[in-house]
Protein chains: 2
Amino acid sequence: MQNISFGELFAPARTSAKSLGQGEFLFRQGDPSSSLYTVLAGGVRLVRYTLEGNAVVMHTARPGDSLAEASLFSEIYHCDAEAVLPSIVACYDKGKILAMLREHPEKSLTCIALFARQVRSLRALLEVRSIRSARDRVLHYLLLQADPVTMEMSIPAGSLKAMALKLAMAHETLYRTLANLESEGKINRNASIIKIHH
Amino acid sequence: MQNISFGELFAPARTSAKSLGQGEFLFRQGDPSSSLYTVLAGGVRLVRYTLEGNAVVMHTARPGDSLAEASLFSEIYHCDAEAVLPSIVACYDKGKILAMLREHPEKSLTCIALFARQVRSLRALLEVRSIRSARDRVLHYLLLQADPVTMEMSIPAGSLKAMALKLAMAHETLYRTLANLESEGKINRNASIIKIHH
DNA sequence: CGAGTCGTTGAACGGAATCAATCGTCGTGG
DNA sequence: CCACGACGATTGATTCCGTTCAACGACTCG
């Protein structure tokens with residue numbers, strides 16, 4: 001049960017994939033909810049609007065993230081979902097998922113485990129972001145991500161910027177901080193592998 | 001099903017409450033896991049240690065937060081849980097919860113809804129924290145928390161500091177920012193109620 | 001009444017954001 | 001096939017805003 005993914009668990013309910021142009025909407029606030037999604041490429045932003053029309057961004061889903069799980073328990077979507085980049089999303093039928101969960105209680109447990117893991121990782125990320133110093137923030141994040149045995153982590157090629165986004169810092173700051181950590185001897189970088197020394 | 005809380009859903013599995021002195025451990029990494037918890041008062045920090053002994057804070061649970069849900073699916077705890085303040089936690093028996101979920105599939109669905117809501121709010125908080133400017137960060141958070149109809153939110157008395165913690169900013173900055181927003185006319189404060197104007 | 005804490009404001013400093021420029025790589029289309 | 005554009009990675013210089021340190025009044029609780 002341990003490391004199954006959202007996509008694997010709900011594979012039977014998968015319907016199709018959708019391509020979205022930048023700025024295109026996957027769904028709008030108030031639409032009847034029929035599906036949940038995972039982002040395969042690009043980025044999709046969930047925006048809620050207050051009565052006065054203020055926009056409140058609830059989430060920006062990146063590749064690998066799931067989207068609109070809460071719609072499982074709601075008749076309508078409570079947000080707009082807008083592609084901030086040209087994007088591809090996988091779709092999963094809400095009705096089929098609910099039926100699956102009801103018919104196969106053990107799948108419900110797996111699903112709970114899935115969510116519990118996600119909560120854990122979100123909380124860990126929040127904890128990272130509560131660290132003020134850029135240096136310590138990066139170091140903490142690296143320790144979090146690194147393989148516990150080898151103390152290495154691989155940077156998904158071409159995406160130090162994505163990492164900067166996760167860390168909520170300017171990408172320039174991340175480059176500089178990594179360079180400093182390396183000259184301090186705290187880490188090593190060859191190609192796309194970062195090794196941490198203690 | 002909608003707005004039930006963790007405590008309500010799992011009330012039948014509740015065992016006792018534990019008091020912890022500051023610095024006391026609720027459990028240690030590697031202990032067999034028997035319970036999950038919610039924090040009633042104080043604060044409990046989850047810390048994982050790497051092989052080299054580096055500490056990685058995974059989460060700091062505050063009053064209202066649940067704790068160690070992931071232990072439902074693990075034989076042991078993977079973190080130390082240490083009280084950072086004198087604390088009280090409510091305990092829920094893991095075995096009873098699992099049994100409940102297996103026997104009452106509809107409770108599993110409720111539990112999933114519970115987690116989905118939590119994921120949503122964690123993601124919203126992450127989104128808030130990705131806003132650099134203190135002013136916009138506070139404003140975004142207020143819009144997020146305010147009652148959609150009245151555009152008001154009440155500050156749980158004596159806890160602007162707790163709010164500053166959530167926003168990951170120095171509490172002095174929060175005071176100043178609120179003062180500025182008020183003099184800008186964006187918000188009003190009387191007693192413990194903040195009203196947002198658009 | 002004193003200790004502790006929250007809320008508030010002031011002043012100064014420091015570090016991260018920002019603006020900017022360069023280099024390398026990759027993909028695309030002429 | 002090469003020129004061009006786009007984008008990631010990197011480094012420099014400057015600005016600015018949030019942190020930090022500090023002090024004070026108000027309030028609560030023992």
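Residue numbering restarts at 1 for every chain, and letters A, B, ... go by the order of the sequence lines. Just so it is clear, the values below take in all heavy atoms, side chains as well, and ignore hydrogens, waters and symmetry mates.
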Measure the distance from [atom1] on [X] to [atom2] on [N] and round it to the nearest whole Å.
| X | N | atom1 | atom2 | result |
| --- | --- | --- | --- | --- |
| B:Leu178 | C:dT8 | CG | P | 8 Å |
| A:Leu85 | D:dA6 | CG | C1' | 14 Å |
| A:Leu165 | C:dA17 | CG | C1' | 15 Å |
| B:Glu172 | D:dC17 | CD | C1' | 14 Å |
| A:Leu174 | C:dA17 | CG | C1' | 14 Å |
| A:Asn180 | D:dG12 | CG | P | 11 Å |

Counting any heavy atom closer than 4.0 Å, what does B:Arg135 reach on the DNA or RNA strands: base, sugar-phosphate only, or nothing?
nothing

Check every strand shown and say whether B:Arg189 touches a base, only sugar-phosphate, or nothing at a heavy-atom separation below 4.0 Å.
sugar-phosphate

Charged N to carboxylate O below 4.0 Å: is that the case for A:Glu184 and A:Arg135?
yes

So, B:Glu69 and A:Arg123, do they make that salt bridge, N to O below 4.0 Å?
yes

Heavy-atom nearest nucleotide on DNA chain D for A:Arg132 versus A:Tyr175: which residue maps closer to 5'?
A:Tyr175

What's the closest nucleotide to the [X] side chain, out of [options]?
| X | options | answer |
| --- | --- | --- |
| B:Leu160 | D:dT11, C:dA16, C:dG7 | C:dG7 |
| B:Ser133 | C:dG7, D:dG18, D:dG12 | D:dG18 |
| B:Lys161 | D:dG8, D:dT20, C:dG7 | C:dG7 |

Kindly assign one of parallel, tilted or perpendicular to the pair A:Phe6 and A:Tyr92, based on the angle between their ring planes and the thresholds 30° and 60°.
perpendicular

CE of B:Met100 to CZ of B:Phe10, rounded to nearest 0.5 Å, is 6.0 Å

Hey, is the side chain of A:Thr173 poking within less than 4.0 Å of OP1 or OP2 on C:dA17, counting only N and O atoms?
yes

Could one point to a donor on the side chain of B:Arg176 or the base of C:dG10 with an acceptor on the other under 3.5 Å away?
yes

